[in-house]
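In what follows, every heavy atom counts, from backbone to side chain, and hydrogens, waters and symmetry copies are set aside. Each ligand, and each atom within it, is numbered from 1 in the order the structure gives. This structure is a prediction, so every number in the text was calculated from the model and none was measured.
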Amino acid sequence: MTTVKVKLGIRSYPIIIGTGAVKRLARAMPRRPSHIRCFTFFDAGVYPLYHTIVNRSLSGKRIQSSEFVLPSGEQSKSAEAAGALYDFLLDQQVSRSDFILAVGGGVVSDVVGYVAATTMRGIHWGILPTTLLSMVDAAIGGKTGINHRSGKNLIGAFWQPRFVVCDLDFLRTLAQRDLVAGLGEIVKYAGLIGEPMLSLVQRYLEKGELHDENMLQSLVQKSAAFKGAIVAADEHDNGRRAVLNLGHTFAHGVEHSMGYAELRHGEAVVLGLLAATELSSRYWKSAAKYLVPYRRIIEQVMRFVPKTRIDIDKALAAMSVDKKRVSQVQRFVLLSRPGSPHIISDVSPNAARKSLEAALHTYESIGGVNATHSGR
Ligand code: GLY
């Protein structure tokens, strides 16, 4: 079991990582002289698998818990779904000394965190992420929110959790495709960190066992530590935190062009990372040779990304409305070498097009070779 700390002064919190970490839930709860009321929100997909173990871990005199199950999928990130959560809490006279727990992936932590941030002007909360993607990304950093018809995550708040508990046992039941969805972000961190993360991801891929627990423990720990440090340095995303968008400008374009169907976010990130690597090599002549080992890793993971047709014109058009733009300038995170990210805003549209074309060309030839096609 290891603990990574997100250092935010009196709002600092632990990310507890390990097999069986769910048993630490009660200990991670705030200490109070009286008992704690805990409102636990489960994703419907994981409820049958984990509600017994979660409730057992919360049981005892100190914690009185009640539960709510949210439908799986993006529709739960809506004002209507949030309304049902407010009703549930307020009908039970929730108070600011109560606690909220989110159990599920990024959809659940986003909407539950937003409800925690806005009910009674902020109720403390914690997250038990059940996907690899959420363990390394969504659960860390306090970004919470819901979607609006004008776009995703347009309504939200920064509201840091009091803890994140990552139980690696929960990854055992994940299909290959769910792991690859998280792997996209892990490969992103490898580009941002450079060595020794690059070699670690390389060894993991060479082992060929995506469920390898020891490897996953190290990968989650290093990813969480990196993201935690970035969040500590730029909690409100006014500067450095933007490096976490490596590969994401292209990825959002690709996802938007296909109406957020067919590819998962993490899979689109793999394509986006290759395009960002291409663009980096166009931007700095010296980058190409430094990025060779990183490209190799991205291409290995791309073999797990299901093959689908991507309309490059639609993807490029969607990129020009990417919400990560600052005013009218389109920003890209580029790598002059692994471990050296830069936020660049003077990329020519032609270089962006050529880079996406090259990445899609590689995807057409090697994408999907090792993919399983279960689930969306
Ligand atoms: N997922 C990017 C961030 O948390 O800033």
> Is there at least one pair of N or O atoms, one from N245 and one from ligand 1, spaced under 3.5 Å apart?
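Among all N and O atoms of N245, none is under 3.5 Å from an N or O of ligand 1.
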
> Thinking salt bridges, do E213 and R172 make one under a 4.0 Å N-O criterion?
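Yes, charged N to carboxylate O under 4.0 Å.
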
> Ligand 1 and R241, any nitrogen or oxygen pair closer than 3.5 angstrom?
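In this structure, R241 places an N or O atom under 3.5 Å from an N or O of ligand 1.
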
> Would you call K152 and E74 a salt bridge, using N to O less than 4.0 angstrom?
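Yes, K152 and E74 are salt-bridged.
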
> Closer than 4.0 Å to some heavy atom of D137 - which atoms of ligand 1 meet that?
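Counting atoms of ligand 1 from 1, those under 4.0 Å from D137 are 1 (N).
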
> Quick one: does H248 get within less than 4.0 Å of ligand 1, heavy atoms only?
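Judged by the 4.0 Å heavy-atom criterion, H248 does not count as contacting ligand 1.
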
> Applying ring-ring contact (aromatic ring centres under 6.0 Å, His included), run through H236 and F158 and close with a yes or a no.
CA-CA 7 Å; H236 293 128; F158 288 96; 4.9 Å; yes

> Any Lys/Arg nitrogen of E299 or R303 sitting under 4.0 Å from an Asp/Glu carboxylate oxygen of the other?
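Not counted as a salt bridge, because no side-chain N and carboxylate O are separated by less than 4.0 Å.
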
> Only heavy atoms of L244, strictly under 4.0 Å: list the atoms of ligand 1 that pass.
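Those atoms are 3 (C), 5 (O).
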
> With the threshold set at 4.0 Å, does a side-chain nitrogen-carboxylate oxygen contact exist between R353 and D313?
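Looking at R353 and D313, the cut-off is met.
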
